[in-house]
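Here's the structure we're looking at; comments come further down.
All values below come from the heavy atoms of this structure, side chains included, with hydrogens, waters and symmetry mates left out.
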Amino acid sequence: GQARYATIESWTGRGLEPEPPIDELVLRYLRAFGRASVMDAQNWSGLTKLKPVLELLRPQLVTLRDEYGRELFTSPTPRGPTPA
């Protein structure tokens with residue numbers, strides 16, 4: 001059959017934030033997917049220049065290095081849904 005489309009607003013009954021805060025977007029990404037480099041977050045989001053955002057969030061994050069020496073960031077909050 002033919003694909004049918006609906007807006008998120010019609011499904012949830014709520015409107016979307018016009019521009020959600022980028023730091024919250026990055027935190028949600030890290031909570032959902034775990035450890036990631038700056039480049040990983042940029043590739044996933046399609047956004048650039050996320051290094052300053054991750055630097056701002058650094059006190060809230062756990063950092064480690066992968067086997068190649070790249071710095072990875074992760075949220076200390078367990079994975080799972082974030083409250084709305």
Side-chain angles (χ1 to χ4, degrees):
Q2 189 172 2
R4 299 178 77 186
Y5 298 95
T7 64
I8 191 75
E9 291 89 349
S10 70
W11 279 39
T12 64
R14 300 183 336 196
L16 296 176
E17 289 183 46
E19 290 188 37
I22 292 175
D23 57 337
E24 184 59 31
L25 177 75
V26 171
L27 283 174
R28 286 181 181 212
Y29 166 72
L30 293 173
R31 287 182 191 133
F33 296 107
R35 57 188 86 121
S37 69
V38 172
M39 289 300 296
D40 294 331
Q42 290 179 162
N43 287 333
W44 171 82
S45 67
L47 299 172
T48 59
K49 301 178 183 167
L50 289 183
K51 184 170 182 153
V53 175
L54 284 158
E55 288 300 327
L56 182 70
L57 293 171
R58 184 180 288 276
Q60 301 174 53
L61 301 175
V62 175
T63 59
L64 44 110
R65 298 232 174 239
D66 69 7
E67 62 273 15
Y68 304 107
R70 294 180 310 157
E71 185 173 40
L72 304 176
F73 297 87
T74 190
S75 172
T77 306
R79 291 182 185 180
T82 56

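Between the CG atom of L57 and the CD1 atom of I22 there is a distance of 11.0 Å, given to the nearest 0.5 Å. The line from CG of L30 to CG of L72 is 10.0 Å long, rounded to the nearest 0.5 Å. In this structure, the separation between CH2 on W44 and CG on L50 is 9.5 Å, given to the nearest 0.5 Å. Taken from OG in S37 to CG in L54, the straight-line distance is 9.0 Å, to the nearest 0.5 Å. Summarising the geometry, atom CG belonging to D23 is positioned 11.0 Å from atom CZ belonging to R28; distances are rounded to the nearest 0.5 Å. Within the model, atoms CG of L56 and NZ of K51 stand 14.0 Å from one another, a figure rounded to the nearest 0.5 Å.
Between E71 and R58 a salt bridge is recorded (basic side-chain N to carboxylate O distance below 4.0 Å).
Within 6.0 Å of CD in E67 there are more than 12 heavy atoms belonging to other residues, nucleotides or ligands.
Hydrophobic cluster membership is shared by L47 and L27, with clusters built from Ile, Leu, Val, Met, Phe, Trp and Tyr side chains linked at under 4.5 angstrom.
Residues R31 and S75 share a closest heavy-atom pair of CG-OG, 3.6 Å. Contact between S45 and L25 at its shortest, heavy atoms only, is CB-CD2, 4.5 Å.
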Stepwise side-chain contact (heavy atoms from CB on, under 4.5 Å) check, D40 with Y29: CA-CA 10 Å; D40 294 331; Y29 166 72; 3.8 Å; yes
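Remark: side-chain polar atoms of S10 are not paired, donor with acceptor, to backbone N or O of A6 under 3.5 angstrom.
Looking at L64 and F73, their side chains never come closer than 4.5 Å, going by heavy atoms from C-beta outward.
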